There are 2 protein chains.
Amino acid sequence: MFTTFTGAHDGQWTVTSMTAVRGVPLPQITRLLISQTRQLPGQTDGWPLAGVASYVRYVERHEDMALAARHAGLGRAEAVCAALIPLAKSAAWWTLTQDERREIFEARSQHIAASLPYLPAIARQLYHCRDLGGAFDFLTWFEFAPVHTDLFEELVSRLRRTEEWSYVEREVDLRLRREG
Amino acid sequence: MFTTFTGAHDGQWTVTSMTAVRGVPLPQITRLLISQTRQLPGQTDGWPLAGVASYVRYVERHEDMALAARHAGLGRAEAVCAALIPLAKSAAWWTLTQDERREIFEARSQHIAASLPYLPAIARQLYHCRDLGGAFDFLTWFEFAPVHTDLFEELVSRLRRTEEWSYVEREVDLRLRREG
């Protein structure tokens, strides 16, 4: 249930760039190792990152059906490009109630509706980690074929312009590549 | 942020009873120690229990205001009785979407509305632990004065009769007492 991300010489993914989009950067790594170790994430510099593929917090039934219809799994042979984007949201976000967060997330930011057209080209997996007490609240993971790189840039830049993103106070963008 | 519960000779609370309401019991302890250690809960027999006082998952703004108006904090001098009720819900619960869970939780089970009249006599704290990967999904904690014991029994028995509770597949009920 836990997924752990850390720098290691024998990591499956080569890091091609690491950018601190907002807040403190993560210490540089050159290869990323993903494993299913059950461990708590680091509190000081961030590494290792750890998260849990958990139950949905905002998705409603009609959205779940739309997402499932366009779903793409991880590990497709052609998806040799990936992005790992750890995020932390502000205290102001976390003191909002459920209805207020849902309103910003979907009614005002269209997080689900605007992301749907990018499926199945861009496969996604969200890992929750706020309750694990590390430096981040979420680890977002994306996999895509090289031909869909521009499409991925469009998705990310669209999300970053939403009202929801105004609550993001730390964001690091790692791009990765594996052997095809 | 983490709160940890474990059996220890120097625990602040004396265990007066431990009942397996549903599913596997927890190994017997005689005193309970509560601390703020950041550690993962046990996976095999359950101990130690660990959870996080986290952001609200279902509460809406109008409910948050009603709850805040009647709020009682932990540690009141007269509240020498406590209950620790760890709960695990079924896979069927966790695959429901947010709107479906909210509908069962409040519209059909009145989890918030029916509990409100018991505040401030019964002080409550919920700790989330599903994402920590232990044996339970929630640790619920209640504190009250001896004179409110019957009131507490009424609250617990009311919750156990709801539709929401039909998704609970493991529940252990520990009652505790401390020196006044």
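Just the heavy atoms: all of them, side chains too, but no hydrogens, waters or symmetry mates, feed the values below. It should be emphasised that the depicted structure is a prediction, and the values quoted were computed from it without experimental measurement. Naming: A, B, ... by sequence-line order, numbering from 1 per chain.
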Segment of B:E60 engaging chain A (4.5 angstrom heavy-atom cut-off):
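Both parts, heavy atoms under 4.5 Å.
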
Heavy-atom proximity to chain A below 4.5 Å, by part of B:E63:
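B:E63 has no heavy atom closer than 4.5 Å to chain A.
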
Please evaluate residues B:E143 and B:R76 with respect to the criterion salt bridge (charged side-chain N to carboxylate O under 4.0 Å, His left out), reporting the C-alpha separation (whole Å), side-chain torsions for both, the decisive distance (0.1 Å), and the verdict.
CA-CA 8 Å; B:E143 286 180 11; B:R76 292 169 300 170; 5.6 Å; no

What option among A:Q39, A:R102, A:Q43 has the most heavy-atom pairs under 4.5 Å with chain B?
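Going by pairs under 4.5 Å, I would pick A:Q43.
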
Among A:V52, A:D131, A:V59, A:L96, which residue forms the greatest number of heavy-atom pairs with chain B at distances under 4.5 Å?
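Heavy-atom pairs under 4.5 Å are most numerous for A:D131.
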
Option that, when pairs with chain A are counted at under 4.5 Å, heavy atom only, ranks first among B:M1, B:R38, B:E100, B:R130
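Option with the top pair count is B:R38.
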
Closer than 4.0 angstrom, basic N to acidic O: yes or no for B:D137 and B:R57?
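Answer for the salt bridge query: no.
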
Check whether more than 12 heavy atoms from other residues, nucleotides or ligands sit under 6.0 Å from atom CE of A:M65, and answer yes or no.
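Not more than 12 within 6.0 Å, no.
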
Does CD in B:E179 sit with more than 12 non-hydrogen atoms of other residues, nucleotides or ligands closer than 6.0 Å?
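Count not over threshold, so no.
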
Without hydrogens or angle criteria, can the side chains of B:T162 and B:R158 be said to hold a donor-acceptor pair below 3.5 Å?
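There is no such pair (donor and acceptor under 3.5 Å, judged by atom type) between the side chains of B:T162 and B:R158.
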
